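Working notes, beginning with the structure itself.
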Amino acid sequence: MEKRLSVLCTDDEFNPAIHFLDDLALFQEEVANNAWDTWQAFALRLRAEELAQREAGEELLVLTELKERWEQVGLIPYEHQIATVKRVINEMHGRAILADEVGLGKTIEAGMIIKEYILRGVVKKVLILTPASLCRQWAAELSQKFALYPVIARGPMDWKRYDLIICSLDTAKQAGNRRELQAIPFDLVVVGEAHKLKNPATLNHRLVSGLKKRFFLLLTATPFQNDLKELFNLISLLRPGQLGSYRAFRRRFMKDKRETQNTAELRSLLQEVMIRNRRGPRIQLPPRRVATLPLLPSPAEKEFYHAVTDFVRREYRRQQQAAVNPLTLLTLQREVCSSSFAAAGTLYKLCTKSGDADGARIVTLLEKAAALKENAKMNLVEAILSQLDKEKVLIFTEFRATQQYIGSRLQKKGIPALNFDGTMSASKKDFTIHRFRTDPRYPVLVCTEAGGEGINLQFCRTMINYDLPWNPMRLEQRIGRLHRLGQTREVYVYNLVTAGTIEEYLLQLLIEKVRLFDRVIGSSHQIIDYFTKSSFEARVMEALVNAENDTELRERFTALGAAIEEELRRAQADRAAGFALLEELD
Amino acid sequence: MAGENAMDIRGFVLEALEISGAAFREVKEDLIMAEVTVEIPPLFFDPPRLKKQTLNLVFDPEAAGRYPGAELVTRNSPRLQWFVAGLKKRGRLTLQTLVYDPAVAGEKFRTCRPDLSTGGSHLEYSEIFRPWLLVNYVVARYADRLWEEPISLGIDMSSGRIHEGFFALLKKAGMRPGVPSGQIARQVIPLEKAFALLRGFLAKKIAAADRSWYENARRCYEEELFCLYRYYHEKTGVSSLNPEFIRKAKELHEQFRPRVEVRPVNFGLIYLPEFLYTTKKGAFCFCPLLEQVRACTREEIPSEESTKEIPGKAYAEKNPGEKSSEEIHSGKPAGEIPSKEFISPHSDKG
């Protein structure tokens, strides 16, 4: 670039200014105060300064600084993470999009970059913007793994007062807050889930674009989903001009909104500002072993299951005339697959709200539930636990009533279990996880799905799915608590399935058609998108209520499986061209 | 500073414990057990509360295995940083006199200037102490990275000459706290001027140093700016007037703008002995620390009485109205200060 072109860069403006921080008056005051110290203290002070000295070498200070802490918390920095941090700092001047696939540790990479910059003395004021639901998780990761203690900011006082701030995008973009934040010069801004910034017309985008920042990290596993314009917008937010103007980008690189042309050139431009690590030969997780354990329900359990299913089926078919909301029926059907205790809660609520005729039917169901003395699933759980010796075990259920039942049964058996659910405060959650990890007296954690969101339990490798969520993504998220980066051992997943129930058909569908357990879903955008957007649970329910008998139910599930298989294949083909661009970025 | 080994770190911690007055003992050169007093954060208590804490410290991972529960202290470990932070309250100023054996000085003088020495015979000498101001600095160069470099300068307060690497020289020598009891040379350079001279020296040194860090920052900045310019130019046709462009360009400037910060770490007032020799070729001053020989000025030429037997007397008689180095500490004329009480070895914390 011609120097003349620069509007700001005259030689004078770019010449290094020297600031002397020596203060004669202060020195004289100290002398007047007779503040002499010994020669040994004087020399040691200088030595301390040398030990605290920061270097700008190619090697990362964070690796030695946190070695001991990482050993304590069981974090192993992976080669791809170290390489990413080095590249961001040494080559990309601290401005990058970290677009690793789900589960490869983007947060760890960002934490390492933040810590490294702080250690090098070039960053002090840091702002992390993330969806509200992830604020606490970020805070926990930074404190546990990086000895960084951020404040989750609620308002202007916080971001003025503190240097390391986590703030939800929703809080930050409120008009008053936005103005305040945009007036503060931040050394480093990190945005998690940065795909929320893909539209420049949104407040999210305008907020982040207007922040004063020297270094800038955007984190997302999906830099674009449907339209290459999203990718353009994200890159232009990070480095305006990297892909030229939108008009030029469209002309040069877009065949249509999903397909690229001059792909090699585009890829090379993306590589300058974006790092995308993918699973592959270099980044592998230990294998996962999945065992499906079918069990025969007791006659009473079988009778209760069929009675509730018939009730659900009848009510569902009545549609407008039904006394019960279809969503409640869906829940009830899932509950009865989990345990009679879970179903009893909903039945009781229905009973108190319904009229006489319906109420009598529901009371009958409640009486059947109360009469149940056996629980085949729990018997199997106890049998599994008795064979696992001192291994830590995570038991997942969808429902709190089931969770409490599991806990009480284990208690009776002399196996102390910890409960973990969404009603617990964040600090209690932290404490429970800590206790589960460190206290050998507690070998079992019984976790509800709502509670388990976002927790990392790589120290444990055995999971029992007491019941099955009807959405495959949720099942994958459960497994992801254990089977993620940092897990060093084979992971064992036990699925408990009651024969003759919808769980049996569902699991078959997930295994055969979605091939859920053959691959890590987190690596496949197509599958994530498909199951996030499609009403999978509703389709399962439709199949159940419309089938007159088991044979018909089987046929309907076969048809559903074939449809899903075809839809997934089409979704994959549809996006193949666009994603090929990203998949070859590493 | 890279490459500290476990022994270096251990030595540092031991010294830190020693000067803090903490009780400690070493176990088989592996483990240090110490009882230290720590402040409960003064944020919560005023005055801060103090409590005793026991530390078990080891310095290499193997030893950590032998002493379960002991803290491993390595470079960048939190415990080492704790010691480093604690030391920031100490060692800011020191007042020392360099002790030099006249016989060794004489030998050195002969080696430096064999042409001046009278072969074999004993050299007659007198000793005079020159006040030097020692300043240890850290020079930090910032762009989008930071480079730090320690620089130690000494300035002779009676002549204004500056010596680089001053602390490294003194480190090897023997020091005694306080002012010397002998003759002290006149302080000619006021403190303001000394500070200005040191700044001038540093500015020249920085200007003459490797500028690749600055050139790289400038190149990166210009590349980034060009990219930004092109974007807004294509988008609006008037980049330079676009407020968003100006704002983002300033952001880039802030990221890459090179700046240098010079921060003093600590100051020492050091009295260096000079030996005045009278030879057939004239009178010479010899500074054994710096190994420098120069011809004495007329004022400095020692009289008969000012030789070894009566140090300081002649100088004092010849320069009755002179300011002494005490002015550096007090800012008041020397005559007004009961100097040995004001700056005596006893007032030194050591």
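All chains are named by letter (A, B, ...) in the order of the sequence lines, taking the proteins before the strands, and each is independently numbered beginning at 1. In this text, all values refer to a predicted model and were calculated from it rather than measured experimentally.
Between B:H253 and B:Y221, the two ring planes are perpendicular [angle over 60°; tilted spans 30° to 60°]. Note on ring orientation: taking the six-membered ring where Trp is involved, the planes of A:F249 and A:F253 are tilted (angle from 30° to 60°).
Side-chain N/O atoms of B:N216 and B:R145 include no donor and acceptor closer than 3.5 Å. Judged by distance alone, the side chains of B:Y232 and B:E244 do bring a donor and an acceptor atom under 3.5 Å apart.
Note that CH2 of A:W36 and CZ of B:R92 are 11.5 Å apart. Values are rounded to the nearest 0.5 Å. Once rounded to the nearest 0.5 Å, the distance linking CZ of A:F216 with CG of A:L127 reads 10.0 Å.
Ion pair A:R120/A:E116 flagged as a salt bridge, since at least one NZ, NE, NH1 or NH2 atom sits closer than 4.0 Å to an Asp/Glu carboxylate oxygen. Classification of B:R141 and B:E261 as a salt-bridged pair fails, no side-chain N sitting under 4.0 Å from a carboxylate O.
With chain B as partner, the option from A:R247, A:K67, A:Q40, A:R69 having the largest number of non-hydrogen pairs under 4.5 angstrom is A:Q40. With chain A as partner, the option from B:M175, B:E15, B:E251 having the largest number of non-hydrogen pairs under 4.5 angstrom is B:E251. With chain A as partner, the option from B:Q255, B:K248, B:E224 having the largest number of non-hydrogen pairs under 4.5 angstrom is B:Q255. In terms of non-hydrogen atom pairs under 4.5 Å with chain A, the most contact-rich of B:R247, B:K235, B:E254, B:R259 is B:R247.
Heavy atoms of B:K88 lying under 4.5 Å from chain A belong to its backbone as well as its side chain. Only the side chain of A:A248 comes within less than 4.5 Å of a heavy atom in chain B; its backbone stays farther off. Contact of B:A85 with chain A is not made at all, since no heavy-atom distance falls under 4.5 Å. B:E18 touches chain A through its side chain: at least one heavy atom from C-beta onward sits under 4.5 Å away, while N, CA, C and O do not. In this structure, the portions of B:V265 lying under 4.5 Å from any heavy atom of chain A include both its backbone and its side chain. For A:E30, the parts sitting under 4.5 Å from any heavy atom of chain B are the backbone and the side chain alike. Looking at B:Q81, only its side chain comes within 4.5 Å of chain A, counting heavy atoms on both sides. At a 4.5 Å heavy-atom cutoff, the contact between A:A43 and chain B is made by backbone and side-chain atoms alike.
Within the 4.5 Å cutoff, the side chain of A:V31 has no heavy atoms near those of the B:F267 side chain. Two residues are said to be in side-chain contact when any heavy atoms from C-beta on lie closer than 4.5 Å; B:I270 and B:T97 fail this criterion.
Residues A:F27 and B:F195 place their aromatic rings such that the two centres sit under 6.0 Å apart. You'll find the ring centres of A:H93 and A:F215 outside the 6.0 Å limit.
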Sequence neighbours left out, cut at 3.5 Å: what donor-acceptor pairs do the side chains of residues 197-211 of chain B make with other protein atoms?
residue : atom : partner : partner atom : Å
B:R199  : NE   : A:D22   : OD1          : 3.2
B:R199  : NE   : A:D22   : OD2          : 3.4
B:R199  : NH2  : A:D22   : OD1          : 2.7
B:K205  : NZ   : B:E164  : OE2          : 2.8
B:D210  : OD1  : B:S212  : N            : 3.0
B:D210  : OD1  : B:S212  : OG           : 3.1
B:D210  : OD2  : B:S212  : OG           : 2.9

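Among residues 233-245 of chain A, the residues having any heavy atom closer than 4.5 Å to a heavy atom of chain B are, in sequence order, A:S236, A:R239, A:P240, A:G241, A:Q242, A:G244, A:S245. Residues of residues 178-189 of chain A lying under 4.5 angstrom from chain B, judged on non-hydrogen atoms, do not exist.
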Task: Test salt bridge (charged side-chain N to carboxylate O under 4.0 Å, His left out) applied to B:E215 and B:R219, step by step - done: CA-CA 6 Å; B:E215 297 295 345; B:R219 184 179 46 73; over 6 Å; no

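Applying the ring-ring contact (aromatic ring centres under 6.0 Å, His included) criterion to B:F83, with sequence neighbours excluded, gives no partner residue.
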